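A short write-up of the structure that comes next.
Because only heavy atoms are used, hydrogens play no part in the values below, and waters and symmetry mates are left out as well, while side chains stay in. These numbers were taken from a predicted model, which means no experiment stands behind them.
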Amino acid sequence: MLEIIGKLVLVAAAFALLPLLVGQAEHKVMAHMQGRLGPMYAGGFHGWAQLVADGVKFAQKEDVVPRDADRWVFKLAPGVALVPYLLVLTVVPIGPGGQVALDLGAGVFFALAVMGVGVIGAIMAGWASANKYALLGGIRVAAQLMSYELPMVFAASSAAMAAGTLSLQGIVGEWRWWWLPWQAVGAVVFFVAGLAELRRPPFDMPVADSEIIFGPYTEYGGLRFALFILAEYAGIVVLCALTTVLFLGGWKGPFLNTELGWLWTLIKVAVLAFCVIWLRVSYPRMREDQLQKLAWTWLVPLSLAQLALTGVLKVAFA
């Protein structure tokens with residue numbers, strides 16, 4: 001019992017800390033890449049207090065619920081968007097030898113299913129806000145979920161088929177370095193589809209400020225709005241962690257896997273999080289038709305081809 005409680009405390013601490021670190025890193029990386037001076041001055045040295053300033057700003061803002069909104073759904077939406085990512089972290093292994101809060105036999109599908117629940121929080125917010133712009137943003141979120149969930153599941157299934165298990169810890173245990181070129185297509189499909197589900201640029205059509213103000217979050221302010229932003233950063237951590245476990249070998253590194261496994265996992269997650277920020281800085285927002293075309297014309301066929309290739313190789317080398 002004490003071991004379980006200790007693991008859950010560590011997961012909760014990671015959930016509280018890692019998304020904030022990603023948010024702080026995004027401020028700094030974008031400041032350097034785009035010459036944004038503001039985030040480099042708050043608090044003095046390298047703008048260390050920018051995240052604190054943002055937190056104080058959100059805490060000071062008034063929490064307003066629109067008169068015609070569905071009040072209970074409106075208030076629950078931020079929690080529905082945030083909490084599922086905490087549940088996913090409980091099944092993500094950080095290192096060998098049982099360094100995971102809960103080793104589920106079907107950990108892959110549990111993680112993907114719960115991530116989908118997190119997306120529903122944005123749909124709830126758009127529907128409950130009694131605002132046509134928020135509703136349109138919620139519909140766009142639903143369209144992205146339906147389009148990109150399929151290639152994401154196919155790509156994850158390819159890694160599970162290669163390992164012969166649905167357990168995330170089991171997949172890392174079976175992973176070999178020569179899987180990198182073999183599963184590369186599946187890794188790219190999984191990562192891109194995950195970014196689209198998180199509505200990260202260049203897939204941020206549901207929150208297109210030039211078209212629909214801020215999509216499903218238009219009527220939110222104060223701490224409720226901050227929870228949606230925190231959910232986005234928590235989603236980045238979860239997506240990078242799952243990509244690391246499924247396609248990059250998790251805790252396996254060049255040496256000392258047993259002693260430094262947790263460090264290799266965190267390094268890989270950090271590199272992928274940097275790539276997420278880099279994509280935001282580098283690419284403009286796609287149109288809605290371009291989004292759907294990318295999913296159905298490219299990602300779905302590529303994920304099916306990766307799944308077929310994995311099946312053929314498993315049979316050939318069985």
Side-chain angles (χ1 to χ4, degrees), residues 14 16-61 81-82 85 122 133 137 140-141 144 148 187-188 190-218 220-241 243-244 248 266-291 294:
L17 179 62
L18 293 179
L20 297 180
L21 293 178
V22 172
Q24 181 76 347
E26 184 167 64
H27 279 108
K28 305 311 170 189
V29 172
M30 292 180 67
H32 283 293
M33 287 186 171
Q34 296 183 329
R36 299 186 178 195
L37 299 180
M40 306 302 292
Y41 283 92
F45 176 72
H46 213 262
W48 65 269
Q50 179 63 49
L51 204 61
V52 178
D54 287 340
V56 172
K57 175 186 69 175
F58 286 126
Q60 289 179 334
K61 288 188 175 181
L82 179 62
Y85 296 118
Y133 298 107
R140 288 185 176 185
V141 171
Q144 287 189 207
Y148 283 88
V188 172
F190 184 87
F191 194 67
V192 171
L195 288 179
E197 281 204 9
L198 294 176
R199 286 91 63 200
R200 287 287 301 181
F203 307 105
D204 58 334
M205 285 70 71
V207 293
D209 52 351
S210 60
E211 304 167 23
I212 51 176
I213 308 178
F214 211 68
Y217 316 133
T218 298
Y220 283 86
L223 291 178
R224 296 188 196 278
F225 180 80
L227 288 178
F228 279 116
I229 302 300
L230 183 61
E232 178 180 328
Y233 290 128
I236 293 174
V237 173
V238 168
L239 173 63
C240 296
T243 305
T244 296
L248 300 180
L266 291 179
I267 289 175
K268 294 173 185 178
V269 170
V271 171
L272 289 175
F274 173 78
C275 292
V276 172
I277 300 169
W278 193 356
L279 287 172
R280 173 175 182 173
V281 175
S282 303
Y283 289 94
R285 179 183 301 128
M286 301 171 68
R287 297 196 312 267
E288 192 67 26
D289 62 311
Q290 292 173 329
L291 171 87
L294 175 65

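- Annotation for Leu239 and Phe191: closest pair CD2-O, 3.9 Å, computed over non-hydrogen atoms.
- Annotation: side-chain hydrogen bond (donor to acceptor under 3.5 Å, both in side chains) contacts of Tyr133 (sequence neighbours excluded): none.
- Listed by chain and number, the residues in a side chain to side chain contact (heavy atoms under 4.5 Å, CB included) with Ala241 are Val92, Val269 (sequence neighbours excluded).
- Between Leu18 and Tyr233, every side-chain heavy-atom pair lies at or beyond the 4.5 Å cut-off.
- Heavy atoms only, all atoms of each residue included: Val276 and Cys240 are closest at CG2-SG, 4.2 Å.
- Heavy-atom minimum distance, Val22 versus Ala273: CG2-CB, 4.5 Å.
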Expected list for residues 220-231: side-chain donor-acceptor pairs under 3.5 angstrom, two or more places apart:
{"from": "Tyr220", "atom 1": "OH", "to": "Phe74", "atom 2": "O", "distance (Å)": "2.6"}
{"from": "Arg224", "atom 1": "NE", "to": "Asp63", "atom 2": "OD1", "distance (Å)": "3.1"}
{"from": "Arg224", "atom 1": "NE", "to": "Asp63", "atom 2": "OD2", "distance (Å)": "2.9"}
{"from": "Arg224", "atom 1": "NH1", "to": "Lys75", "atom 2": "O", "distance (Å)": "3.4"}
{"from": "Arg224", "atom 1": "NH2", "to": "Asp63", "atom 2": "OD2", "distance (Å)": "3.2"}

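- Under the side-chain contact (heavy atoms from CB on, under 4.5 Å) test applied with Lys28, the options Met30, Glu26, Gln24 reduce to a single match, Gln24.
- At a threshold of 4.5 Å between non-hydrogen side-chain atoms, the residues Val237 and Tyr85 do not count as touching.
- In terms of modelled atom types and a separation under 3.5 Å, the side chain of Gln50 and the main chain of Gly47 share no donor-acceptor contact.
- Atom-to-atom distance recorded for Leu195:CG and Cys275:SG is 9.5 Å, nearest 0.5 angstrom.
- In this structure, CG on Asp289 lies 11.5 Å from CG on Leu294, to the nearest 0.5 angstrom.
- Residues passing the side chain to side chain contact (heavy atoms under 4.5 Å, CB included) test with Val29, sequence neighbours excluded: Met33, Phe274, Ile277.
- Evaluation of the salt bridge (charged side-chain N to carboxylate O under 4.0 Å, His left out) rule for Arg285 yields Asp204, Asp209 as partners, not counting sequence neighbours.
- By the side-chain hydrogen bond (donor to acceptor under 3.5 Å, both in side chains) test, Tyr217 is found to be paired with Arg199, residues two or more places apart in sequence or in another chain being considered.
- By the side-chain hydrogen bond (donor to acceptor under 3.5 Å, both in side chains) test, Trp278 is found to be paired with Ser282, residues two or more places apart in sequence or in another chain being considered.
- Applying the salt bridge (Lys or Arg N to Asp or Glu O under 4.0 Å) test to pairs two or more places apart or on separate chains, none has a residue in residues 37-53.
- Residues meeting the salt bridge (charged side-chain N to carboxylate O under 4.0 Å, His left out) test with Glu232, sequence neighbours left out: Arg200.
- For residues 22-42, the pairs satisfying ring-ring contact (aromatic ring centres under 6.0 Å, His included) are His32-His46, with sequence neighbours left out.
- Not counting sequence neighbours, the partners of Leu291 by the side chain to side chain contact (heavy atoms under 4.5 Å, CB included) test are Gln144, Tyr148, Phe203, Met205, Glu288.
- Across Pro206 and Pro216, no two heavy atoms sit closer than the pair O-CD, 3.2 Å.
- For the side-chain hydrogen bond (donor to acceptor under 3.5 Å, both in side chains) test, no residue two or more places apart in sequence or in another chain qualifies with Gln60.
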